[in-house]
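Sequence lines set the chain letters: A, B, ... in the order given, protein chains first and strands last, and positions in each chain run from 1. In this text the structure is predicted, and so the values were computed from the model without any measurement.
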2 protein chains.
Amino acid sequence: MAREALVDSRQEILRTAARLFQQRGYDATSMNDVAAALKLSKGGLYHHFQSKDEILFEIMNHAMEITEVRVLAPVRGILDPEDRLRALIRRHIEVVLSPADREITVMLHENHPLPPALRKRINARKKEYIHFVESLIAEVQKEGGTRPFKARVSPRAAAFALLGMINWIYQWYKPEGELQANTLVPQFTDLVFGGILA
Amino acid sequence: MAREALVDSRQEILRTAARLFQQRGYDATSMNDVAAALKLSKGGLYHHFQSKDEILFEIMNHAMEITEVRVLAPVRGILDPEDRLRALIRRHIEVVLSPADREITVMLHENHPLPPALRKRINARKKEYIHFVESLIAEVQKEGGTRPFKARVSPRAAAFALLGMINWIYQWYKPEGELQANTLVPQFTDLVFGGILA
C-alpha cells in the first residue's frame, strides 16, 4: 500500500510505460511488465488504467498536451507570422529533442492500431496541429508577397514537409552527434523559409 | 506439398509477413500467423526463415534493395547534379507511394529492436543512402554558386530534412487525397531546392 500511495501521478505510469514500449515494443510489453516496473500490483495499475490501449491512448494524448503547452500556446500570442513560424519550428524541435519528454512524444509515431474511437480523438488533435501550421505558412507566404514571389509550394504540402522533417529527427538523432538543437533550429528554419518563399 | 511448391519465392512470404506486421503489429504477429496466412505448414515457413527477426531483417533488406534498384541505380548515371537530385526526390517519393512496395518499404520504420548484428547491416545500408543524398546536396549547392548564394543549410541537415519529408509521407498520405505523386513531387522538389539554395 505504501508504494501504491507513492505512485500519485498517472504521469509516472505513462512515462514508465512509454519507456518499456520503446525498449521492448508495445505488443511485447504486458500490463504485468508495466506494473512490475513501477513496483505496483496489477490491481494497483488497473485502478489507474483499464487496459494497455488506454495507456497508449493517454501517452499519445499527453504528447499532444505537451505540444499544446510548449509549442502552440506560446506561439499563438506572437503577432508577426514569420516570427510565429520561427518560434513554432524552434519549439517543436526542442520538444522532440527534450530528454524529459522524448519517451512520451515519440509514442505519437507508434503504429499499433488503437480502437477506432480512441484513434479518432488522437487524429483530431494531430489534424488541429497540421491545420495550425498550414494556416501559418499561408500567412507567411502572403506577407512575403513583397519579395519576388511565386508560391509554388502549397501551405498544405509545406506543412506536411515541415512536420516530417521535425518528427523524423528521432530516427537519426544522436545525443553525442554534431546536430543539436542549437545547430539544427537555424538550419531547418532557413530550409523551410527558403522553401516556402522560393 | 502442392501448396508448399507454390510458395516458390521468399518474396511472397516477405510481402505477406509485412502486411500482417502492419495490420496487427510486429510483436502481436506469430510465425504461426504468417504460416497460416500463406497456407504453409510451420515447418514449411521455417524452411525459408529461421525466426521472425530474420523475416523482419529480410523485409528491411528487401526495402533497401528496392531503394537501390529504383532510386540509386537510375540516378547515379545522371551527370548534372540538379537533375540527379530532382530524379532522386521523384523516384524516392514514387517508391514510398507505390502500392506494390509500400507494405515492404514502410517496415523500414518499424521500431522493433533487431538483434545487433542484423540491425548493424540495415543501419549500414541506411547510412550509405544518407551519405549519397548528403554528397549530392553538397554538389548542388556548389554548382548553385553562380546565384546569390549563402549555404546556411549544411548538406547533412538538408539530407536528414529531405529524408524526413519523404519518409514521413506514409503517416498522412491518403490514396483518395489531393496530394498525389504528381502534385507532391514538384512541390517537395521546389521546397528542397528553395531551401538548400536559399
Side-chain angles (χ1 to χ4, degrees), chain A residues 21-30 56 96 106-113 123 126-127 130 137 149-173 177-180 183-198, chain B residues 21-30 56 96 106-113 123 126-127 130 137 149-173 177-180 183-198:
Chain A
F21 292 161
Q22 275 158 69
Q23 286 165 351
R24 311 179 186 180
Y26 176 76
D27 292 299
T29 308
S30 68
L56 178 57
V96 167
V106 77
M107 290 304 293
L108 281 174
H109 320 315
E110 167 62 42
N111 292 322
H112 177 84
N123 284 349
K126 285 186 177 177
K127 265 184 202 160
I130 292 167
I137 288 172
F149 168 67
K150 318 164 252 180
R152 284 175 299 189
V153 183
S154 73
R156 166 143 287 227
F160 283 135
L162 172 56
L163 297 179
M165 287 165 53
I166 298 179
N167 286 329
W168 195 250
I169 291 173
Y170 79 97
Q171 290 269 2
W172 54 261
Y173 175 74
E178 217 174 274
L179 282 171
Q180 299 298 328
T183 48
L184 199 55
V185 168
Q187 297 194 70
F188 273 24
T189 304
D190 283 349
L191 203 154
V192 169
F193 275 83
I196 64 174
L197 299 175
Chain B
F21 292 162
Q22 276 158 67
Q23 286 166 351
R24 311 177 187 181
Y26 175 76
D27 292 298
T29 307
S30 68
L56 179 57
V96 167
V106 78
M107 290 305 291
L108 282 174
H109 320 314
E110 168 62 44
N111 293 321
H112 177 84
N123 284 349
K126 285 186 178 177
K127 264 183 202 160
I130 292 167
I137 289 172
F149 168 67
K150 320 164 250 181
R152 287 174 297 188
V153 183
S154 73
R156 167 144 286 229
F160 283 136
L162 173 56
L163 297 179
M165 287 164 53
I166 297 179
N167 286 328
W168 194 250
I169 292 173
Y170 79 95
Q171 290 268 2
W172 55 261
Y173 175 74
E178 217 174 277
L179 282 172
Q180 299 299 329
T183 48
L184 200 55
V185 168
Q187 296 193 70
F188 273 24
T189 304
D190 283 349
L191 202 154
V192 169
F193 275 83
I196 64 175
L197 298 175

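Of the candidates Thr189(A), Leu191(A), Val192(A), Leu191(A) is the only one forming a side-chain contact (heavy atoms from CB on, under 4.5 Å) with Val153(B).
For chain A, the option among Arg156(B), Gln171(B), Gln22(B), His109(B) with the highest count of heavy-atom pairs below 4.5 Å is His109(B). Chain A forms more heavy-atom pairs under 4.5 Å with one residue of Asn167(B), Leu163(B), Val106(B) than with any other, namely Asn167(B).
Classification of the Phe160(A)-Trp172(B) ring pair by plane angle, with boundaries at 30° and 60°, yields parallel.
Here Ile166(A) contributes atom CD1 and Trp168(B) contributes atom CH2; the two are 10.5 Å apart, rounded to the nearest 0.5 Å.
When heavy atoms are compared at a cutoff of 4.5 Å, Tyr170(B) approaches chain A solely by way of its side chain, counted from C-beta outward. Using a 4.5 Å cut-off between heavy atoms, Gln23(B) touches chain A through its backbone atoms (N, CA, C, O) alone.
For the residue pair Ala157(A) and Gln187(B), the shortest heavy atom distance occurs at CB-OE1, 3.4 Å.
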